[in-house]
Amino acid sequence: MAARPAARVSVRRLAALLWVALPCAAMAQGQDIALRGFQDGINHWQSGHGTDYPRYRPDQYRQIADNLVALQRRGGGWAVNQDPQRILDEAARAQVSADQATPGGSFDNRNIYTQVSYLAEAFARSGEARYRDAAVRGLDFILAEQIPTCGGWPHSVPSRTSYHGHITFADDVTSGVLATLRRVQREPVFGFITADQRARVDVAVTAGDACLLRLQVRQDGVPTIWAGQYDRTTLQPAQGRKFELPALVTDESVGVVRYLMSIPDPSPEVVASVNAAMAWFQAHALTGWRLETFQTTPEQFQFHRTTVDRRLVADTDAPLLWGRFHDLRDSSVVLANREGERVATFDQIPRERRTGYHWYGTWPQALITTEYPRWQQRPAGPGAR
């Protein structure tokens, strides 16, 4: 008997099989869909509502995804600072249903793009079309809200404050959206995205990458890092909340650099941008000071309760430290009180803001010691084409 010819499997069919098989393999190994992207919003929710309420376990991904579908507004966005693990009672479901008619949404605290990613994973595991459809609506919302003057994303829409409409880097708004869009471009879990939507994603990523390079702040012509937000018309660094003065922002600039280093086959312009930011991080690290948190008399403020206080302590063995904000002109540390008045020293910030905000941190340390050296030593070499 003649042997049967080998079955032919099209590239498209093979991709579809892989798209299903890879997530299912992860599920079979007991891996939960990551919830870390929601943590900032969860922390804010619990700060206002406490922690004593029933929640779904991380492995109950269908129930969590159902929550995300219910919490999504009809226009595709989500309200900020929700806990997707919260078990909704009848009253909460009624409130959630009423909120679906509210327009817009917020990218603050790593919102919207995190929901889209989770729903895509949930669809890959379950095949539930409602998860796919919600992810598509969320992606459409993201693409529609890209700011045309540069290619970044706003804090929130519609804008209800002086800073909601700014091109926003704070809380990883623009870099987080771009990282998710690059996942859409290359990961099998987003295999359900239509060709038209994928083409729009490609355009958005190109514009967003150009925006990052354009907005890197220059001092005397030398690129440094990025500001927390920019006016969408003038493209100049702008103020956030009253105590967030126009300034270079260290924490979220680390996120921008990580995003730029994630770009396969980076252009010479991207390589130069990363190198310049890393040079700034290294040149403006603070030495000889340690940020100390210590127990003291409990105090209740409007937005948080604290049992601790913070101070800077002289310590020659302390790890490198950076300010959250640095001056746009001379890179000195920028500190302010809640009224928006710049102060000279950390102890001049009232306790409410000392404990309710991170004015100092070690954010670039992992970049300097591990990630940037590894990126420089990639086999192809950064910038190689």
Side-chain angles (χ1 to χ4, degrees), residues 40 43-44 47 161-163 166 168-172 217-220 222 224-230 236-257 277-369:
D40 203 356
N43 289 342
H44 280 79
S47 178
T161 71
S162 60
Y163 62 88
H166 291 330
T168 303
F169 286 68
D171 289 320
D172 297 325
V217 176
R218 284 165 170 74
Q219 294 176 346
D220 297 326
V222 178
T224 61
I225 55 174
W226 289 264
Q229 46 275 316
Y230 296 78
Q236 294 302 304
Q239 183 159 334
R241 289 172 289 185
K242 280 189 174 181
F243 55 88
E244 295 169 329
L245 303 178
L248 304 174
V249 60
T250 307
D251 183 2
E252 286 85 352
S253 289
V254 169
V256 175
V257 170
M278 292 305 303
W280 187 94
F281 287 139
Q282 294 174 19
H284 295 92
L286 309 175
T287 59
W289 293 97
R290 172 170 48 86
L291 183 64
E292 181 179 80
T293 300
F294 59 95
Q295 294 289 325
T296 187
T297 306
E299 191 168 358
Q300 179 68 51
F301 299 106
Q302 180 180 358
F303 297 105
H304 77 284
R305 181 179 186 276
T306 186
T307 61
V308 302
D309 203 348
R310 292 175 180 149
R311 61 193 170 203
L312 285 176
V313 178
D315 182 353
T316 57
D317 296 324
L320 297 178
L321 199 65
W322 287 263
R324 173 77 177 264
F325 300 111
H326 287 254
D327 192 270
L328 291 165
R329 293 179 176 82
D330 64 13
S331 293
S332 59
V333 175
V334 173
L335 305 169
N337 58 28
R338 187 173 272 283
E339 289 69 42
E341 301 164 332
R342 186 170 177 177
V343 300
T345 59
F346 187 53
D347 59 5
Q348 292 177 310
I349 301 175
R351 182 184 177 191
E352 185 272 333
R353 282 296 79 194
R354 282 200 306 270
T355 58
Y357 201 70
H358 294 289
W359 293 97
Y360 291 93
T362 59
W363 304 288
Q365 190 61 60
L367 280 180
I368 291 172
T369 59

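All values reported here derive from a predicted model rather than from experimental measurement.
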(request) Can you label the angle between the Trp280 ring and the His284 ring as parallel, tilted or perpendicular, going by 30° and 60°? (result) parallel
(message) Could you report the tightest heavy-atom contact between Val257 and Met278, atom names first, then the distance?
(response) CG1-SD, 4.1 Å
(message) Return the CZ to OG distance between Arg305 and Ser47, rounded to the nearest 0.5 Å.
(response) 12.0 Å
(message) Ignoring hydrogens, what is the shortest heavy-atom contact between Asn337 and Phe243? Give both atom names and the distance.
(response) O-CB, 3.2 Å
(request) Indicate yes or no for a side-chain donor-acceptor contact from Trp359 to the backbone of Arg353 under 3.5 Å, with no hydrogens or angles considered. (result) yes
(request) Determine the minimum heavy-atom distance between Leu335 and Thr345, stating which atoms define it. (result) CD1-C, 3.5 Å
(message) Using only atom types and a distance under 3.5 Å, with no angle test, would you say the side chain of Gln229 pairs donor to acceptor with the backbone of Pro237?
(response) no
(message) How long is the straight-line distance from CG of Leu248 back to OG1 of Thr224, given to the nearest 0.5 Å?
(response) 4.5 Å
(message) Please confirm whether the ring centroid of Tyr163 lies under 6.0 Å from the ring centroid of His166.
(response) no
(request) Ignoring hydrogens and angles, tell me if any N or O in the side chain of Arg241 forms a donor-acceptor pair with the backbone of Arg338 under 3.5 Å. (result) no
(request) Would you kindly say whether Gln239 and Ser162 are connected by a side-chain donor-acceptor distance under 3.5 Å? (result) no
(message) For the OG1 atom of Thr297 and the CG atom of Asp309, what is their distance to the nearest 0.5 Å?
(response) 10.0 Å
(request) Locate the shortest heavy-atom distance separating Glu252 from Asp172; write the atom from each residue and the value. (result) CG-N, 3.6 Å
(message) Is a donor from one side chain sitting under 3.5 angstrom from an acceptor on the other, for Ser332 and His326?
(response) no
(message) Using side-chain heavy atoms (C-beta onward) and a distance below 4.5 Å, is Arg351 in contact with Glu299?
(response) yes
(message) Tell me whether Arg342 is salt-bridged to Asp327, with the criterion being a basic N under 4.0 Å from an acidic carboxylate O.
(response) yes
(request) Run the numbers on Leu328 and Val217 for side chain to side chain contact (heavy atoms under 4.5 Å, CB included), then give the verdict. (result) CA-CA 8 Å; Leu328 291 165; Val217 176; 4.3 Å; yes
(message) Using 30° and 60° as the class boundaries, would you call the ring planes of Tyr357 and Phe325 parallel, tilted or perpendicular?
(response) parallel
(request) Output yes when a side-chain donor or acceptor of Gln348 lies under 3.5 Å from a complementary backbone atom of Ala344, and no otherwise. (result) yes
(message) Donor-acceptor check, side chain of Thr306 to backbone of Val308, threshold 3.5 angstrom: yes or no?
(response) yes
(message) Quick check for you: to the nearest 0.5 Å, what is the distance between Thr293 atom OG1 and Arg354 atom CZ?
(response) 11.0 Å
(message) Has Trp322 got a side-chain atom pairing as donor or acceptor with Phe281's backbone, closer than 3.5 angstrom?
(response) yes
(message) Any carboxylate oxygen within less than 4.0 angstrom of a Lys/Arg side-chain nitrogen, looking at Asp347 and Arg311?
(response) no
(request) Could you tell me the separation between the CH2 atom of Trp289 and the OH atom of Tyr360, rounded to the nearest 0.5 Å? (result) 9.0 Å
(request) Over all heavy atoms of both residues, which pair between Gly228 and Val249 is shortest? Give the atoms and the distance, please. (result) N-CG1, 3.4 Å
(message) Distance check, rounded to the nearest 0.5 Å: Gln295 atom CD versus Thr307 atom OG1?
(response) 4.5 Å
(request) Examine distances only and state if a side-chain atom of His304 and a backbone atom of Gln300 form a donor-acceptor pair shorter than 3.5 Å. (result) no
(message) Using every non-hydrogen atom in the two residues, find where Gly323 and Thr250 come nearest and quote the distance to one decimal.
(response) O-OG1, 2.7 Å
